[in-house]
Amino acid sequence: MKKLFSILLVCILLLSLAACGQKEAPAPEEPAESEAPVTRTVTDSFGREVTIPAEVKTIVCTGSGALRMVTYLQCTDRLVGVEDCDKEYATSTLRDYAYAYHDTFDALPSIGKGGGTANTAYVEELIRLQPDVILSGYTQEALEDLAQSTGIPCVSIRAKSINFIDDSFYTAMRVAAEVLGVQERCEEVLQYIDGCKADLDARTSDIPDEDKPAVYAGAVTFSGAHGFTGTYSNFGPFMAIHANNVADEMGETGYFDADPERVVAWDPELIFLDPGNMSLVRDEYQTNPGFFDSLTAVREGKLYACVSFNNYSTNVGYALADAYYAGSVIYPERFTDVDIAEKADDILEFLLGTRYYNDMKADGLIFGVIELGSAQ
């Protein structure tokens, strides 16, 4: 009995020692929280890959068209400075976004002269302000010069000002939206533009060529004001409504100065002129009334206003409104439901958050008949 008890005691002792020899498995470590990236890379309108902060809180815009896109994207609260040329529109409606946001812009520091696509930035002021990103409409050479001079990420959102709000504008808007993280608003804007384009197309695409009157756009604005013979082939508002633009036969790709004799030979039935350049046209009339009076549209009073949509790149709202107004003149039966003042205000409100067509009218930027000659 004692022997059996001893054996049991030894077994219990061995089991106890074995249990003591086993180490408890360490508790699994909590996985470390992944750190949020501090930078990211975007591809700009020139195809350049640019490293920018993961979250862009402050920006400036330089060069043609850049700040307009930021206003359409509703991101003016991130601006820390603006160009001098965008501070000059307290009373002028020629530049849509600069008029609508004048009070905001006027309160911000100046960060460059502006006015084109060359590097006219105030480098020292940009270095002092240190925006997270510079969004720019500069040429590539000017953009890279600015990036090197400031050490600040410079992203191109340059778009062309030809045709009718072409793909380069869509690309630039999407680049800007990616930088700012506002892709939803961007797509709303682009879908709105697409909706207007589709509506204009649906109203006019089935009209036979033989039923389309010959039309001409004169006194256009492109890199400045021009007189009567300043015109466009592939004139955006006319393209949108499939109009018979006499200037298209010249094979040009945009702005050109037409030969006066060619205009007389065309003898367009309807003429659209930029009301902002009528002082030039009236001076030309006084110098050479015979030229103008030889045109049927002048004699019959079929001259109509077509507000300039080129002012530091494309005023998208004005381009859309121009197309609707031109459509209502050229094909009135297809646009009976369009009140141009209301339509212009609807477009401006969507893009810029304000209705100001009455201010445009007071500024001379009106849709309607233009008087020239003995009736002026």
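Note that the structure is a prediction, hence the values are computed from the model and not measured.
- Here Arg78 does not pair with Asp132 in a salt bridge; the nearest charged N to carboxylate O distance is not below 4.0 Å.
- Taking a cutoff of 4.0 Å between a charged side-chain nitrogen and a carboxylate oxygen, Arg262 and Asp267 do not qualify as a salt bridge.
- Tyr232 and Val263 are assigned to two separate hydrophobic clusters, defined by single-linkage of ILVMFWY side chains at heavy-atom distances under 4.5 Å.
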Original post:
Between Phe350 and Tyr192, does a ring pair (Phe, Tyr, Trp, His ring centres under 6.0 Å) hold up when you go through it step by step?
Top reply: CA-CA 9 Å; Phe350 180 83; Tyr192 182 85; 4.1 Å; yes
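- Two rings, from Phe228 and Phe292, have their centers less than 6.0 Å apart.
- Taken from CZ in Arg158 to OG in Ser45, the straight-line distance is 10.0 Å, to the nearest 0.5 Å.
- Considering all non-hydrogen atoms of both residues, Ser156 and Leu143 come closest at CB-CD2, 3.6 Å.
- Under 4.0 Å is where a charged nitrogen must lie from a carboxylate oxygen, and between Arg203 and Asp199 at least one such pair does.
- The distance from the CE atom of Met360 to the CG atom of Leu94 is 9.0 Å, given to the nearest 0.5 Å.
- The minimum heavy-atom distance between Ile340 and Ala321, with the atom names listed, is CD1-O, 3.6 Å.
- How far CD of Glu125 is from OG of Ser110: 8.0 Å, rounded to the nearest 0.5 Å.
- One hydrophobic cluster, built from ILVMFWY side chains closer than 4.5 Å, holds both Met173 and Val50.
- Taking CZ from Arg128 and CD1 from Ile111, the interatomic distance works out to 12.0 Å, rounded to the nearest 0.5 Å.
- Residue pairs meeting the side chain to side chain donor-acceptor pair (under 3.5 Å) criterion with at least one member in residues 60-71, sequence neighbours excluded: Thr62-Ser136, Arg68-Asp96, Arg68-Asn315.
- The number of heavy atoms from other shown groups lying within 6.0 Å of CD (Glu141) does not exceed 12.
- Here the shortest heavy-atom pairing between Leu126 and Ala121 reads CD1-CB, 3.7 Å.
- Leu280 and Met278 are assigned to two separate hydrophobic clusters, defined by single-linkage of ILVMFWY side chains at heavy-atom distances under 4.5 Å.
- For the side chain to side chain donor-acceptor pair (under 3.5 Å) with Thr221, the lone residue among Asp274, Asn310, Asn311 that qualifies is Asp274.
- Note on ring orientation: taking the six-membered ring where Trp is involved, the planes of Phe238 and Phe272 are perpendicular (angle over 60°, cut-offs 30° and 60°).
- The ring-ring contact (aromatic ring centres under 6.0 Å, His included) contacts involving residues 116-163 comprise nothing, where partners must be two or more places apart or lie in separate chains.
- Note that the CG atom of Asp206 and the CZ atom of Arg334 stand 4.5 Å from one another [nearest 0.5 Å].
- Within the structure, no pair that satisfies the ring-ring contact (aromatic ring centres under 6.0 Å, His included) test touches residues 147-181, not counting sequence neighbours.
- Atom OH of residue Tyr97 and atom SG of residue Cys61 lie 8.5 Å apart, to the nearest 0.5 angstrom.
- Between Glu88 and Arg95 no salt bridge is recorded (no basic side-chain N to carboxylate O distance below 4.0 Å).
- When each of Val56, Thr150, Val60 is checked for a side chain to side chain contact (heavy atoms under 4.5 Å, CB included) with Pro131, only Val60 meets the rule.
- Minimum interatomic distance between Ile366 and Ala305 (heavy atoms only, all atoms of both residues): O-CB, 2.9 Å.
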**OP:** Walk me through it: do Phe309 and Phe235 pass the test ring pair (Phe, Tyr, Trp, His ring centres under 6.0 Å)?
**Re:** CA-CA 11 Å; Phe309 59 87; Phe235 185 59; 5.7 Å; yes
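- Residues Thr41 and Glu178 approach most closely at O-OE2, 4.3 Å, considering heavy atoms.
- With Phe105 as the aromatic partner, Lys87 does not meet the cation-pi criteria of under 6.0 angstrom to the ring centre and within 45 degrees of the ring axis.
- Comment: Arg299 does not engage Asp293 in a salt bridge, judged by the lack of any side-chain N to carboxylate O separation of less than 4.0 angstrom.
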